[in-house]
Amino acid sequence: MESILKYNVDSMKIYGAVLISILGNSLCTAAFEYPETPVKGETIHYGPVSLNDPFIWLEEKNEETKSWFEAQNTFTRELIKDMPDRDVLYERIKEIDESKTVQIYSFGRRNERYFHLKREIGEEVGSLFYRDGIDSESKLILDPKNFAKSEVVHSIEYYSPSYDGKLVAVGIAAGGSEIPDLYILEVTTGNVMEALIPRVRSNPSWLQDGSGFYYSQLRAQDPN
């Protein structure tokens, strides 16, 4: 695990050094004419509180908003296409990415039970593992590829073990929705212990004795 952490740190140092070099030599000293962003005063009322939001129009789905995003995209692409050493940066990032055999991330711990997500090269999403003791073998809790009988890709957005490490709350999202459903699994078997709770976007907070947890749930959207 120490070698994996060192690899990630070294990779970030390389990315940072190359980016600082490029940005310092070109972008930071330039003056740009950005696409115009109109300021439209609009007051939103939340009960007795009134807030002015001059850019709320960018949340609307219309041609004006679409044109604004397209202009920003064009500006950015024109800016970076002639950036010095861009090809060098791309090749170095590619070299680092292709040298990896596995990605291990999102570490957690409850007493002497350790948790992590792992994604093999070629896999779209990571799986959840645990180990009893830092030097023991990792054991699979949940592989989202096998979780749902569907062609839609499911991914683990978060996980939160109970304080005794026997149960784990896992947020699973379908098709990149970023709005997970919450499941409670038994760690050693991977069995789902409770019916899902839909639209739980962030980690729940367990009670100390493991008898329950707090969570926040998004409202159901109107299909129209």
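Hydrogens, waters and symmetry mates play no part in the numbers below; they use all other heavy atoms, side chains included.
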Shared ILVMFWY cluster between Y90 and I80, side chains joined below 4.5 angstrom? no
Heavy-atom pair of closest approach, residues E124 and V153: OE2-CG2, 3.6 Å
Nearest non-hydrogen partners of K81 and R86, listed with the distance: CA-NH1, 3.6 Å
For G126 and Y105, work out which heavy atoms get closest and say how close. CA-OH, 3.6 Å
Look only at the side chain of R92 and the backbone of K94, and say whether a donor-acceptor pair between them is shorter than 3.5 Å. no
Tell me if the NZ atom of K66 is crowded by more than 12 foreign heavy atoms within 6.0 Å. no
So, does S106 use its side chain to make a donor-acceptor pair with the main chain of L117 at under 3.5 Å? no
Gap between atom CZ of R201 and atom CD of E178 - 0.5 Å precision: 6.0 Å
Any side-chain to backbone donor/acceptor pair from Y130 onto G165? Under 3.5 Å, distance only. no
Distance in Å, K118 NZ paired with S127 OG, rounded so as to fall on 0.5 Å steps: 8.5 Å
Can you name the closest pair of heavy atoms from H45 and T43 and give their distance? CE1-CG2, 3.7 Å
Polar side chain donor-acceptor pair, T76 to N73, under 3.5 angstrom: no
Please examine the side chains of V200 and Y158, heavy atoms only from C-beta on, and report whether any two atoms are closer than 4.5 Å. yes
Say whether V125 and V192 are linked into one hydrophobic cluster, either directly or through other cluster members, by side-chain heavy-atom distances under 4.5 angstrom. no
Using a strict 4.0 Å threshold on nitrogen-to-oxygen distance, state whether K139 and E137 make a salt bridge. no
Verify, without hydrogens or angle tests, whether N52 (side chain) and E42 (backbone) share a donor-acceptor contact under 3.5 angstrom. yes
Side chains of E157 and S155: donor-acceptor distance under 3.5 Å anywhere? yes
I156 with I141, same ILVMFWY side-chain cluster at under 4.5 Å: yes
Given 3.5 Å as the limit, does a donor-acceptor pair link the side chain of R110 with the main chain of S162, or not? yes
Test applied, ring-ring contact (aromatic ring centres under 6.0 Å, His included); reference residue, W206; option that passes from F213, Y159, Y214: F213
The reported gap from CG in L185 to CD1 in I172 (rounded to nearest 0.5 angstrom) is 7.0 Å
Once side-chain contact (heavy atoms from CB on, under 4.5 Å) is applied, do any residues pair with Q217, and if so which ones, sequence neighbours excluded? I197, P198, R199, Y215
Closest non-hydrogen atom pair between R113 and K166, with its separation: NH1-CA, 4.2 Å
Once you round to the nearest 0.5 Å, how far does CG of L142 lie from NE2 of H154? 10.5 Å
Tell me if a side-chain donor or acceptor on W57 pairs with a main-chain N or O of P38 at a distance below 3.5 Å. yes
Using modelled atom types and a 3.5 Å cut-off, is there a donor and acceptor pairing between side-chain atoms of E59 and backbone atoms of I56? no
Hey, could you give me the CG/OG1 distance between L58 and T37, rounded to the nearest 0.5 Å? 7.0 Å
Under a single-linkage definition using a 4.5 Å side-chain heavy-atom cutoff for Ile, Leu, Val, Met, Phe, Trp and Tyr, are F55 and W68 assigned to the same hydrophobic cluster? yes
Are any side-chain N or O atoms of T74 and backbone N or O atoms of E70, one a donor and one an acceptor, separated by less than 3.5 Å? yes
Between CZ of F115 and CG of L128, what distance do you get to the nearest 0.5 Å? 7.5 Å
Would you say Y34 and E36 make side-chain contact, with heavy atoms under 4.5 Å? no
Would you say the side chain of P204 lies within less than 4.5 Å of the side chain of L182, judging by non-hydrogen atoms? yes
Using 30° and 60° as the class limits, which term best fits the ring planes of H116 and F107: parallel, tilted or perpendicular? tilted
Spell out, yes or no, whether L196 and V168 are grouped together once hydrophobic residues are joined by side-chain heavy atoms under 4.5 Å, including indirect joins. yes
Minimal heavy-atom distance between L207 and S211, with the atoms involved, is CD1-OG, 3.6 Å
